[in-house]
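Residue numbers start from 1 in every chain, and the chains themselves are labelled A, B, ... in the order their sequence lines are given, proteins ahead of strands. Just so you know, these numbers use all the heavy atoms, side chains as well, and skip hydrogens, waters and symmetry mates.
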2 protein chains.
Amino acid sequence: MNYRMIAYLLGNILRIEGVFLSVCAVLAIYFNERAALFGFVTTVVLTLVIGTAACLKEPKNKKIYGRDGLVAVALSWIVMSIFGALPFYLSGAIPSYVDCFFETVSGFTTTGASILQEIEGLPMSILFWRSFTHWVGGMGILVFMLAIMPTADERAMHLMRAEAPGPLVNKLVPKMKSTAKILYGMYFALTLIEIVLLLVGGMPLFDSVVNAFSTAGTGGFAIKNASIAAYDTAYYEYVITIFMFLFGVNFNLYYLALLRDFKSIVKNEELRYFVTIIVAAIALITWNISAYYDTLEAAFRHAAFQVMAIISTTGFATANFDVWPQLSKGILAVLMILGACGGSTGGGIKISRFIILVKTAIREIRLMVHPRSVNIVKLDDAKVDEDVIRGVSSFIIVYLLVLFGSFLLISINNFDFTTSFTAVLTCLGNVGPGFAMVGPVENYHFFSDFSKIILTLDMLIGRLEIFPMMLLFAPSVWKKGYM
Amino acid sequence: MNYRMIAYLLGNILRIEGVFLSVCAVLAIYFNERAALFGFVTTVVLTLVIGTAACLKEPKNKKIYGRDGLVAVALSWIVMSIFGALPFYLSGAIPSYVDCFFETVSGFTTTGASILQEIEGLPMSILFWRSFTHWVGGMGILVFMLAIMPTADERAMHLMRAEAPGPLVNKLVPKMKSTAKILYGMYFALTLIEIVLLLVGGMPLFDSVVNAFSTAGTGGFAIKNASIAAYDTAYYEYVITIFMFLFGVNFNLYYLALLRDFKSIVKNEELRYFVTIIVAAIALITWNISAYYDTLEAAFRHAAFQVMAIISTTGFATANFDVWPQLSKGILAVLMILGACGGSTGGGIKISRFIILVKTAIREIRLMVHPRSVNIVKLDDAKVDEDVIRGVSSFIIVYLLVLFGSFLLISINNFDFTTSFTAVLTCLGNVGPGFAMVGPVENYHFFSDFSKIILTLDMLIGRLEIFPMMLLFAPSVWKKGYM
């Protein structure tokens, strides 16, 4: 293992985090929040000093093997969460460090599950940092690093591959650094447009920015106890619904749009499935909840908002869907598992994996009927490699093992089946709200520290799509003499 | 498709069912139950006449292709359930035919889920038939037919493969007919021993026989409203616990025992996992529920009974485990999915599939760490074919699609999440009881006819391990000109 290179990468991540945190420190000065300022300044000093120390010596060998890349990504996420949690702790905003860590991982992984019962009393700079973690985690901090680091070389492609969601990650342009830059450029532009549109509707600047951060990362942290319902304005709801959709789509499509290749966009299979599932879910839920609302428009608006909030794994709430009929809740539960498109900022197993799974199953049945038929699985008219198919199958298997294993461990807390099961489901899918005691108007404060740590691991496993995290627990990765 | 041969097979199945039903008719005479007698005699006449008509002309071409075999098995199970439901309906024991069909499929598939709220008032002969369906369905009616049909030839192996549970089905001896005979011989002997042991403890003959049928098939239909708890005798509970274990084990092991090859039994990996999981589950649950019972023995006895009842997918109850702490319920929920060993009469996804899944996942992680390592998945020291691994992965994927699809359809009934989800889980795993409204002291009467039909299909899909049932819905199977 190339320990020196991994340390170098981690050091750079910390330095970037330090810069981000300085912005929050400036905000703390602006809002005159002393406790928060102390938390931010201390953390900035720590991250910059430790980060700079770690990358003082540039490693001679900058090769990052596939396995080392996965380990580096997993460690980066853990390290940046450990330090990212400090401002919450040092400012006194969240008294328990386990809670701080839970909240920060929930932020970076864009889950949006919170242990806070009371949000509105927190310092503004702390709220800003909390939502900003969504924005950073959505597109990925390693991708960001690759976009700005002068020394990033082509071999770092698997760093991006390990961090980016979905079964198939491709470079947009031959140079990986340019790919990372283009991705962050589009991400930044879309976020800006959402901020402007919210401002146009009359939302205060601060609220517009943090809500746009949460939407962009498909995170779900709000700065009001009642989430987006607090604004009670149909305009905001429609704007956010549309942007939850936009951030749930594969970013490669925006690049195609820039190239004016609209034909490829329309033909994109994942997008077609995504839209079909969304339309069907909204139609069914609108019909199913129509009796709960005065007008059909209100039913449609709430259905559309919640479908997009769940399938994009943002997790914002405008309605307490936990009181909706079971069919609507069942649909939302299934969407929690599916998640958004590969290459988006959303979580879940991803639509493209779902498509590959369904097609693999159909192939198996077809093979039984016509044993000699040609049997390749296609996506977007191209053959899907058997390696990818095997990878997707393994992914699902490990996903299930983690899901049921975590469910058993959470069950020790002795909350009901729905609470325990959907808490794990929603954390693993990086959604945020589940049902019953973890429903959209509830939070996670009541779990034991042990359960919170399990759920934190689930969020990381879900965000990094299992294998990078798994590698950290494989003993042979840490064996000496293996390089 | 060889329609003539399929008709011939179905005819034979019906004739065998007619003979079984005649036994019940004799019982109805003995117990002087007129309505039941009418039901049985009518059904006997129908099955024998239609069955004989269907196999009047022996087909010249007795070849059964793989696909035709699967279709024949799926149709057999549907046809024998359609006719097997008639005595319940004609005798007036169950007024709705959908309910009769649900109960019969639940019997043959050894699920043991019931729509009956009041069992004890039913005619004895009807109760006998109800439990006898478990015994017939446990080992499989096609296997039975192969054991007794003089014309069964070697090519019928895939009939057995399609009906027998588990990912790997092997012949015990070169001749398939002898294999079927040996299997049924051991099944019969074990059932007999259980009957004798229950009689020794003082259980009435009729109760001993029907409870042994339910145990043998790992079904779970009881003839008391309180299931096995009605007898309130620790001796019975221990006897049944042990036999639930014995019927949950691969029957090949009994053949090895007959051959005195005890070394292979001890080394059998599936058995080792099965025992390990059972011991761990019993230990955890005993500890978890100890405060609920006066003595540790009582806690252990109930834990052992329920763990075996669930993992063997029998579904008998001696305790209302729905009121146990969530950890115990969580463990039972996971056992519902796992199920028993391949080649047993139990349901679920089977321990051997679980082992293959876990090993495949470990292989995937190992491949990431050491990309050039040798990577074969082994079971019992033998390489598992890549075809089997792919089959197991596809099985799980379709299992999940069916699980979540059915869950959505059941959700239309608007019962809570736990009820809807565990009802599907337990029917698909052929277990019987779930949690909440389908808990061990509840039943399925309250579902709509639509939901009952969905759950009935789930039971068949679970018992035939998905693919035979799926083929019935594949349009190309029914295309003309394809033979």
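Contact of Arg366(A) with chain B is not made at all, since no heavy-atom distance falls under 4.5 Å. For Asn288(A), no part lies under 4.5 angstrom from a heavy atom of chain B. Interface remark: Leu401(A) contributes side-chain atoms only to the contact with chain B (heavy atom separation under 4.5 Å). Within the 4.5 angstrom heavy-atom criterion, only side-chain atoms of Phe407(A), from C-beta onward, approach chain B. Only the side chain of Ile396(A) comes within less than 4.5 Å of a heavy atom of chain B; its backbone N, CA, C and O stay farther away. Contacts of Ser420(A) with chain B are made by side-chain atoms alone, with heavy-atom separations under 4.5 Å and no backbone atom involved. For a residue to count as touching a neighbouring chain, one of its non-hydrogen atoms must lie under 4.5 Å from one of that chain's; by this rule Ile466(B) does not touch chain A. For a residue to count as touching a neighbouring chain, one of its non-hydrogen atoms must lie under 4.5 Å from one of that chain's; by this rule Ile362(A) does not touch chain B.
A distance of 7.0 Å separates CZ in Arg390(A) from CD in Glu386(B), rounded to the nearest 0.5 Å. Between the OG atom of Ser411(A) and the CG atom of Leu284(B) there is a distance of 11.5 Å, given to the nearest 0.5 Å.
Residue pairs meeting the side chain to side chain donor-acceptor pair (under 3.5 Å) criterion with at least one partner in residues 395-406 of chain A, sequence neighbours excluded, are Ser406(A)-Asp458(A).
Listed in order of number, the residues of residues 327-336 of chain B that approach chain A to under 4.5 Å between heavy atoms are Leu327(B), Gly330(B), Ile331(B), Ala333(B), Val334(B).
The greatest number of non-hydrogen atom pairs below 4.5 Å with chain A, out of Asp416(B), Val71(B), Val358(B), Val398(B), is found for Asp416(B). Across Leu409(B), Thr360(B), Leu357(B), Asn413(B), the residue that shares the most heavy-atom pairs under 4.5 angstrom with chain A is Leu357(B). Of all the listed residues (Leu367(B), Ile397(B), Ile337(B)), the one sharing the greatest number of non-hydrogen pairs under 4.5 Å with chain A is Ile397(B). Interface summary for chain B: among Ile410(A), Ile389(A), Ile412(A), the most heavy-atom pairs under 4.5 angstrom belong to Ile412(A).
Using a 4.5 Å heavy-atom threshold, the side chains of Asp322(B) and Phe417(A) count as separate. A 4.5 Å side-chain heavy-atom check between Phe395(B) and Glu364(A) finds every atom pair outside the cut-off.
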Checklist line | Derivation and outcome, side-chain contact (heavy atoms from CB on, under 4.5 Å), residues Phe421(B) and Gln326(A) | finding: CA-CA 11 Å; Phe421(B) 191 74; Gln326(A) 183 55 34; over 6 Å; no
